[in-house]
Amino acid sequence: MYKSTGFISFVLRRFTGVALVLYLFMHIWVIGGANSGAETFNDRMEFLGSPLFRIAEIGLLAAVIYHAFDGIRLLIVHYFDVTEYRKSLFYAAFVVSVILTIAGGLPILLHALEG
Amino acid sequence: MNKSANVITHDVIVVGAGLAGTWAAMIASREGVTDVGVLSKLHPLRSHSGAAQGGIAGALNNVRPVPDTGPRGPLEQIPPGDDLIDSWELHMFDTIKGSDWLGDQDAIEIMVKDAIDIVYTYEHMGCVFSRTPDGRIAQRRFGGHSAPRANYAADWTGHVLLHTTHEQALKNGVKFYSEWVALDLIVEDNVCKGVIAMEMQTGQLVTMRAKAVMFGTGGYGRAWKITSNAIANTGDGVAIVYNAGVPLMDMEFVQFHPTGLYQHGILMSEACRGEGGYLRNKDGDRFMEKYAPDKMELAPRDLVSRSEQTEIDEGRGIGDDGQGIYLDMTHLGREKILERLPQVRDIALNFVGVDIIDDLCPIQPTAHYSMGGIPANANGQVIANAAGDPVVGLYAAGECACISVHGANRLGTNSLLDASVFGRRSGYAIAEFIKGGAALPEIEGDHLTRTQARITRLKSDPASGKGENWAKIARELKQTMTDDCGIFRSDEGLRRALQKVKELQGRFANAHVMDKSNRFNTDVLGAIETENLLTFSEVIVSSALARTESRGAHSRTDHTKRDDEDWLKHTMAHKTDDGTPELSYKGVNIDWEKYPPQERKY
Amino acid sequence: MTNKKITVRIQRFNPDTDQKPYLQDFEVELAQGMTILDALHLIKEDLDGSVTFRRSCRHAICGSCAMNVNGQNMLVCETPLREKIDKNGQITIRPLPYLPIIKDLVVDRSSFWAQYQRVKPWLIPPDNVPEKEFRMSAEEVAALNDAEHCIMCGACYSACQVIALNKQYIGPHALLKAFLRVLDPRDADPRARLDDLDKGDGVYRCHTIFNCIDACPKGLNPTKAIETLRKLAMKRQAFEAARKERQKTLDKPVN
Amino acid sequence: MRIFLLQRYTAVALLVFLTIHMVVVHYPPGEIHFSNIADRLENPLWKAIDIAFLFAVLIHALTGAYMVLTDVERFDRFKRALAGIAVIAGVLLFIYGTQTILAF
Ligand SMILES: Cc1cc2nc3c(=O)[nH]c(=O)nc-3n(C[C@H](O)[C@H](O)[C@H](O)COP(=O)(O)OP(=O)(O)OC[C@H]3O[C@@H](n4cnc5c(N)ncnc54)[C@H](O)[C@@H]3O)c2cc1C
Ligand code: HEM
Ligand code: SF4
Ligand code: F3S
Ligand code: FES
């Protein structure tokens with residue numbers, strides 16, 4: 001296993017990407033409840049409303065934020081000649097993701113604990 | 001014979017995938033000989049041609065010294081229409097003078113004329129040369145050349161040439177046997193019939209039959225302790241051919257390069273001096289003023305190396321052992337060094353921790369180039385004796401060959417040229433030979449078994465207490481060659497060396513390897529390479545001992561003058577039945593009208 | 001200077017006799033200016049002749065000796081032993097990762113060379129070859145310098161995780177070579193090259209992992225070359241036209 | 001290779017859509033009910049935006065999944081079949097999802 005920041009970013013990106021795809025499928029199915037009317041929709045939402053799922057949502061948020069900022073990083077590399085700063089770019093994307101995850105996750109956590 | 005699966009047949013087999021071998025294969029296949037196999041003990045791109053840094057000679061007339069700044073002034077491109085300063089004639093004269101008149105002038109003429117075309121051909125094939133402002137190939141000065149005619153690609157010229165040529169050969173569909181080692185040559189009744197080779201990956205021995213065999217196996221600097229040569233440059237081809245009964249020519253002429261990295265021997269390209277670097281002794285003096293006041297650091301290599309060695313011997317060397325000299329490039333400036341000599345800078349940084357931009361770099365003379373080798377004519381055809389009779393179907397070019405364009409001393413950048421030009425010419429000659437209806441000769445003897453026996457012997461443990469590690473023998477040989485057959489030689493030293501080589505040969509009979517396996521056995525390879533070193537070192541020492549004069553790279557402290565009366569001739573060494581070399585001599589091809597021998601002064 | 005003993009851990013494996021690779025320790029005395037390759041030679045010549053590795057030029061130009069030292073790919077011939085000793089006085093040498101092992105530190109680079117050949121590494125010259133040289137500007141040469149300097153050592157290739165997953169991927173070394181030919185003003189068919197690179201195993205299989213840059217002992221930048229090729233592949237028609245235009249003046253002075 | 005481009009372009013689109021989605025739908029966090037979604041989707045512009053979002057995310061996700069699979073040499077051999085599955089799945093999910101959006 002050849003370890004490096006590049007490798008870590010690659011694994012995280014893949015992992016979050018695939019997780020998001022799986023979530024997307026579930027998400028479409030849940031919301032798709034609306035096809036059979038408001039009842040089904042609210043039932044399926046109820047199912048997701050449990051505190052456990054709420055906390056899992058923080059993971060989801062982390063995944064989406066990291067994946068997005070890593071994606072932005074790749075787009076920057078594609079359009080600008082910045083390969084020299086590859087390590088800093090990764091750290092930047094990672095740190096920003098962590099901060100935003102905390103910022104976004106805290107309200108969710110509080111809400112989950114309340115509810 | 002011809003019994004088992006371990007026989008491979010090609011029209012042409014080329015041993016060696018450096019510039020010489022690759023050119024030959026590429027040309028032969030382009031000329032319609034489609035069945036060409038090239039074997040190389042290294043992957044082709046690992047060949048030592050790729051290490052050449054400085055350039056390839058050719059009188060293209062692209063640059064000149066700025067008018068009125070003298071011959072050592074800064075260079076500029078020659079404006080279109082202006083007078084040309086260079087010509088093949090001038091290149092020829094420089095080469096002859098550099099060779100100390102031992103070069104064969106007919107071959108030199110062919111080479112320098114072809115030079116211009118071969119450089120353009122390289123460019124057309126895709127080499128990325130450095131450029132003049134108007135887009136022509138850039139040229140720099142090189143030692144012994146009276147005009148700037150070293151065509152270069154930064155300081156990785158050989159690398160660029162080798163990769164380009166290899167790629168062209170691939171394009172032509174040449175089959176490469178990568179990491180196959182030639183062990184023996186099959187010559188019967190003066191007809192070459194093939195080689196015995198080992199596939200490294202399996203350890204399998206194979207008889208390779210062919211209508212024509214070509215050798216381009218490179219140099220043999222590895223017989224010395226300090227050398228610029230790759231670890232694989234063990235002169236296998238030279239030894240193999242000699243063992244098969246073909247003579248070797250001018251083996252005593254081995255060039256020592258003035259600027260090997262101190263204690264490593266790794267080459268600091270001559271381009272360092274070409275771009276204006278100085279040599280300084282312990283006291284900081286530019287001592288070349290004493291030895292070559294005119295050309296200074298750009299005098300030919302043999303002269304500069306001897307000057308350095310004299311300084312060292314007289315106690316003005318540097319370093320722990322006093323064997324070093326300073327190369328001073330600090331006045332060239334960061335920009336020039338980074339642009340023209342980036343690789344050289346990296347080497348010094350990595351291996352001795354010196355940044356040549358700011359500091360003096362320790363260097364010392366290093367065994368570099370073998371002028372001698374397998375005697376061949378200008379078509380690459382190997383000759384069997386002083387009369388020039390050919391060995392049917394055997395060709396050689398490049399550093400392993402002695403077509404004798406370098407005579408007693410090679411000029412820098414002339415050897416990439418030599419390997420390219422005569423590799424190409426061999427290719428044409430081989431194609432003609434095959435298309436002329438050459439038949440596949442039958443092999444009579446059982447060569448494979450004999451070679452196999454050598455390997456089995458190495459792998460079997462000798463009687464207790466007698467066994468010896470081959471590496472130890474190799475080390476002792478290198479020490480001996482350095483001490484007694486180096487830059488300065490004497491009757492006494494050479495006799496000592498000869499005795500030592502014989503002793504080591506005797507000991508090799510009990511040498512053995514630790515690795516008994518078949519797969520990729522580099523231990524066996526190392527032992528065989530050592531055996532080859534021992535074989536041709538004896539020829540070098542014997543030839544040097546016999547030549548009682550100083551000429552070019554061969555410098556005798558007991559015979560300090562050149563002696564045209566007795567020694568204006570090539571040495572030919574045949575292997576006799578008892579294994580010792582028998583020397584005979586062959587005249588030098590000289591145009592007495594145009595290029596009669598003169599004193600060689602710089 | 002007191003001489004220090006170093007433990008060199010070498011990964012051993014002979015597929016004919018061993019079940020799986022294992023590490024073997026050797027003691028070496030650290031000497032002034034010693035490279036990792038020097039240490040390997042000492043071990044081979046004095047301690048165990050069966051330790052197997054490739055090398056030739058010993059100054060970072062032939063590309064034979066790329067290996068994995070303490071987890072990073074590098075040329076052992078140019079790397080001082082001193083620099084790679086960890087705090088336990090150890091150094092660990094393994095073969096290049098992700099490639100089949102032939103023996104000990106020698107790997108099978110077949111797929112590496114196959115990809116190199118796939119990109120047709122040779123120049124495709126235009127029809128109007130001049131009598132003398134093609135004229136190229138210093139900038140045109142400078143653009144090619146990096147790619148031209150690749151020594152085909154494989155350090156980048158064997159550090160790339162995409163290669164670990166899929167040997168059909170062309171790989172950083174061969175894409176760098178392709179870059180060299182595509183950008184060369186003398187090459188007559190950049191279009192066909194870009195068409196090939198545009199396929200599934202070409203430039204888009206690179207996922208910008210950057211290990212190739214980190215691993216390259218020559219300080220080259222395959223990622224940058226790959227990004228450039230991606231952009232060129234998108235506008236290859238225009239690029240082809242520009243090339244045709246440039247080739248009309250290849251025999252003229254550049255300024 | 002169009003799918004690479006598709007992935008990159010949809011990535012940019014997703015950046016926009018996802019930000020909107022997060023801010024509008026999920027912030028502040030709270031119960032999501034049929035009714036509050038239906039309120040928002042009254043506006044046909046929101047319907048259009050959500051359909052475009054769905055379209056982009058499906059393309060991005062499925063090309064992504066396709067890439068993850070075909071990057072592995074063993075699956076690369078089935079790339080035609082995988083592409084087929086991805087297209088069919090994409091179309092079906094798009095129809096299903098669009099129905100959902102229109103159902104509000
Ligand atoms: C450091 C250095 C710098 C140099 N710089 C310059 C320069 O600037 N200009 C210049 O003109 N010259 C230069 N030279 C000299 C020049 O590089 C060589 O003379 C020339 O490249 C030799 O080419 P070749 O084809 O004969 O051999 P090589 O390139 O050495 O090739 C030998 C081939 O033979 C193969 N081989 C060897 N033995 C066997 C065997 N037993 N079985 C199978 N295959 C075998 C090897 O694998 C290899 O492929 C330099 C030399 C050195 C050492
Ligand atoms: C802001 C939003 C997003 C951005 C900027 C973004 C960006 C990217 C980029 C640039 C890639 C290409 C990676 C590569 O070529 O190696 C990628 C891959 C991928 N994306 Fe996204 N993405 C985003 C959202 C999503 C979402 C919501 C999903 C899932 C539903 C997703 C799933 C995937 C998958 C599966 C991959 C393939 C994984 C890989 O190639 O490593 N992405 N993304
Ligand atoms: S790009 Fe660098 S690491 Fe890759 S093969 Fe070339 S020299 Fe080696
Ligand atoms: S490591 Fe591999 S994925 Fe691309 S950036 Fe380099 S080739
Ligand atoms: S031995 Fe040639 S690159 Fe290291």
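In what follows, chains carry the letters A, B, and so on, assigned in the order in which the sequence lines appear, proteins first and then strands, with residues in each chain numbered from 1. All values derive from a computational prediction rather than experimental measurement.
Of all residues spanning residues 262-269 of chain B, those with a heavy atom less than 4.5 Å away from chain C's heavy atoms are B:H264, B:G265, B:I266, arranged by number.
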| request: Just do the salt bridge (charged side-chain N to carboxylate O under 4.0 Å, His left out) check on C:D187 and C:R193 with the steps written out, would you? | output: CA-CA 10 Å; C:D187 194 89; C:R193 295 182 188 280; 2.8 Å; yes
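Contact of B:H159 with chain C is made through the side chain alone, with heavy-atom distances under 4.5 Å. If you measure heavy-atom distances from B:I347 to chain C, the contacts under 4.5 Å come from the side chain alone. If you measure heavy-atom distances from C:E83 to chain B, you find no contacts under 4.5 Å at all. With a 4.5 angstrom heavy-atom cutoff, B:Y122 does not touch chain C via any of its atoms. Contact annotation for B:I137: both backbone and side-chain heavy atoms come within less than 4.5 Å of a heavy atom of chain C. Both the backbone and the side chain of B:P133 come within contact range of chain C, with heavy atoms under 4.5 Å apart.
When each of C:E45, C:H41, C:E140 is scored by its heavy-atom pairs under 4.5 Å with chain B, the top score falls to C:E45.
Every residue two or more places apart in sequence or in another chain that forms a ring-ring contact (aromatic ring centres under 6.0 Å, His included) with B:F176 is listed here: B:H166. Take B:T121 and apply the side-chain contact (heavy atoms from CB on, under 4.5 Å) test, not counting sequence neighbours, and it matches B:W23, B:D117, B:M125, B:R424. Qualifying side-chain contact (heavy atoms from CB on, under 4.5 Å) partners for C:A188, counting only residues two or more places apart in sequence or in other chains: C:I124, C:P126, C:Q247.
The closest donor-acceptor contact from the side chain of B:N229 to the backbone of B:H368 lies under 3.5 Å.
With a 6.0 Å radius and a threshold of 12 heavy atoms from other residues, nucleotides or ligands, C:K244 has its NZ atom at or below the threshold.
When ring centroids are compared, B:W470 and B:H512 stay outside the 6.0 Å threshold.
Here the closest non-hydrogen pair linking C:V182 and C:P190 is O-CB, 4.1 Å.
Using a cutoff of 4.0 Å between basic side-chain nitrogens and carboxylate oxygens, B:R131 and C:E139 are not scored as salt-bridged.
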